[in-house]
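The next block holds one structure in the form of structure tokens; read it before the comments.
Chain letters run A, B, ... following the sequence lines, proteins first and then strands; every chain starts at 1.
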Amino acid sequence: MAPPEPRAEPIDEPDDPVEPVEPGRVVRVLPDPPAINKSFDYLVPDKLGDQVRVGAMVRVTLHGRRVGGWVVGEGVDPADAGADGTQARAPGSRRTIALQPIAKVTGWGPSAEVIDLATWASWRWAGRPAHFLRTASPDHAVRALPAGATAAAPVHLVPDEVIDAAFAAGQAVVRLPPAADPYPLVLAAATRGNALVLAPSAVGARHLGLRLRRAGVPVAIMPRDWALAAAGATVVGSRAAAWAPVHDLAAVVVLDEHDEGWQQEQAPTWNARDVAVERARRAGVPCLLVSPVPSLEAQAWGPLVVPSRAEERDGWPKVDVIDRRDDDPGRAGLFSDRLVTALRGGGRVLCVLNRKGRSRLMACTSCGEVAHCERCEASVVLSDEGRFDCARCGTVRPPICLACNGTQFKNLRAGVTRVREELEALANTPVVEVTGDTRDLELDDARVYVGTEAVLHQVASADVVAFLDFDQELLAPRYRAAEEALALLVRAGRLVGGRRGDGRVLVQTRLPGHEVVQAAVLADPARASTAEADRRALLRFPPVTALAAVSGASAPMFIEGLSHAAFAGLEILGPSDGQWLLRAADHATLLDALAATPRPPGRLRVTVDPLRL
DNA sequence: CGGACAAGCTGA
DNA sequence: CAGCTTGTCCGG
């Protein structure tokens, strides 16, 4: 033996060599580093016996080092080892394993229900269970749960046939217009027991929670009140709260279901709305998805409950459409007379100009029509070969105006900084520029703002919201562009209020007849969604199909394995820019194929339900 | 993840 | 062939 060199760090491990284990409680632990995609069995020391249960967060020794983990199973028989789902123990190998004891119990963690949900999510978004369990875990160790909150105090509930219809359906998509207050619906859910209520922004969720609390409802506001949520209360939060513990789940409500923020941007691209829906399904409790502009996904999921025509109309803003085809397609295009009047009118004006991305728009010099794809309506760009290329569906056509057969086109674009200066001159007042990374400094000083859509998030209210170039939203080369554009109008509508007030939304466009514009003008979202549903069906985009994008260094090998197995109903498209696209008629076909294909080592990025292609 | 160990690359 | 880098495997 080498001379005992003093160890740099004294690790206390008195019971080093574990002897062949006699009876005792054994639990299965999933280590916390997501890369260890495997669970292991551990012994429960007697003194920890009362704290170790499924969902407990523990620390264990793995390969000589301490890692955190979750107890995901109990009462396992160590004889039938091979602890994980991915790889069964080699047949014939009968080796007994010297089990290590659990080193420490950190505290409470996600419940068995949420652990099962994480297993489902790892299939649904091709991710690691540890990733979801991390999201589902408290940010500080929870040693003990507080006393469970008692039943809600009596609350005055406004009888409302929309609410009744929604809950009667068990699962429903509730279409409430932008200016409508969803609070009565949330309150109705909370009076049924411990509800899970999700709102897209943390601030909005907090306000909602405080409002419920004032009404006497016991409320846990996530992520701070994790322990209270686990003990029993109505749980309110934003995206991560889809994973909150809820003691005796009675109902699920997702507000602004259409919001793209529900989906996580990096893989696994899980969607909180879909997690909430699955949760409600598993618990057998009512689930309501609320939105002024229900997504096609939601509409494919559940029945639509709609308020009266009059109520819905009142909840949409007055929308003025300004047809820019009448303008000189050159410089004056961004500043219509109507806009100038609004700028000089005295109220607070927000001007929205999304200059993100490289979207170059071409307009016909003779008639002003924006060059767009004849197949899918997206804007097209002039390729080096002198043809129009559609970035969305790939259709190529000769550069001829679809409206007047003109062959001359002008490149339209404007920098936001110059626009700010011009607005300042036109309005004769200081104009503040707001972008994604603007801090909320002297924001309320100004009367006129200009910026990307961030301006709609950072300013609380306005008299006028003007979209300087709405075509950029309508024609963006993303397959969800129409839904995203309508969502912007919803946001604008909330800032200016319903049509009984004085607020207005100005839409400058060369496509005044576009169904998204018409949907807002007529307060009828169905106009947009029926047109969009047809287009998606034609192009075989979700929700008619299910998609996944595969990229990264080891993508070629993964794709090879996938195509070798020749899964029925799975299409493999690409590669384009090093990215493959997988398409199937439904998620089950797509995800079962992904799950059945071994992952090669190396970087592999699988994006299920990509928002852009 | 991170340690163990095996298989390759380099240098004299 | 030592000595080091790079890769693959595996953990209870």
Side-chain angles (χ1 to χ4, degrees), chain A residues 1-2 5 7-49 51-106 109 115 118-119 122 126-135 137 266-268 552-558 560-561 597-606:
Chain A
M1 261 282 230
E5 204 170 89
R7 294 174 90 159
E9 228 183 313
I11 306 169
D12 61 324
E13 283 182 276
D15 45 3
D16 242 318
V18 181
E19 339 210 323
V21 181
E22 297 313 285
R25 236 175 113 209
V26 173
V27 290
R28 192 149 291 176
V29 174
L30 179 72
D32 150 81
I36 308 177
N37 195 16
K38 220 176 148 186
S39 54
F40 302 90
D41 291 343
Y42 286 87
L43 281 176
V44 181
D46 286 345
K47 58 177 179 177
L48 297 180
Q51 299 171 62
V52 175
R53 60 184 82 76
V54 172
M57 299 182 70
V58 295
R59 292 195 69 79
V60 294
T61 306
L62 182 66
H63 217 136
R65 73 205 160 98
R66 288 280 168 91
V67 294
W70 298 273
V71 177
V72 296
E74 200 160 1
V76 217
D77 176 11
D80 85 325
D84 90 284
T86 55
Q87 190 189 351
R89 161 188 282 281
S93 122
R94 260 303 121 82
R95 210 178 90 241
T96 359
I97 309 168
L99 295 183
Q100 297 272 347
I102 283 178
K104 186 175 171 229
V105 175
T106 313
I115 291 172
T119 307
S122 67
R128 304 262 158 97
H131 181 101
F132 303 107
L133 291 179
R134 272 190 181 180
T135 310
S137 299
Q266 319 93 316
S554 50
M557 208 189 301
F558 183 72
E560 199 186 304
T597 307
R599 289 211 179 196
R603 282 190 58 79
L604 179 71
R605 195 178 138 86
V606 178

Margin query: Is a donor from one side chain sitting under 3.5 angstrom from an acceptor on the other, for A:S39 and A:W70?
Written below: no
Next item on the list: Please state how far atom NE2 in A:H63 lies from atom P in C:dG11, giving the value in whole angstrom units.
Entry: 8 Å
Notebook entry, point to check: What's the CG-P distance between A:N37 and C:dC10, to the nearest Å?
Noted result: 15 Å
Checklist line | Short side-chain N/O contact from A:K38 to OP1 or OP2 of C:dC10, under 4.0 Å | finding: no
Next item on the list: Nearest whole angstrom, please: distance from the C1' of C:dG7 to the CZ of A:R603.
Entry: 18 Å
Check: Can you list the steps and then say if A:R59 with A:V67 is a side-chain contact (heavy atoms from CB on, under 4.5 Å)?
Finding: CA-CA 6 Å; A:R59 292 195 69 79; A:V67 294; 5.5 Å; no
Check: How many Å lie between CG on A:L62 and P on C:dC9, as a whole number?
Finding: 18 Å
Next item on the list: Find the distance A:R59:CZ to B:dC1:C1' and express it as a whole number of Å.
Entry: 12 Å
Next item on the list: Determine, for A:R28 against A:E74, whether the closest basic-nitrogen to carboxylate-oxygen distance falls under 4.0 angstrom.
Entry: no
Item checked: A:M557 CE to C:dG7 C1', straight-line distance once rounded to whole Å -> 13 Å
Note to self: What is the distance, to the nearest angstrom, from the CG atom on A:D32 to the P atom on B:dG2?
What the structure shows: 11 Å
Check: Rounded to whole angstrom units, what separation is found between the CZ atom of A:R65 and the P atom of C:dG11?
Finding: 13 Å
Note to self: Between A:V29 and A:D41, is the side-chain contact (heavy atoms from CB on, under 4.5 Å) condition met? List the steps.
What the structure shows: CA-CA 6 Å; A:V29 174; A:D41 291 343; over 6 Å; no
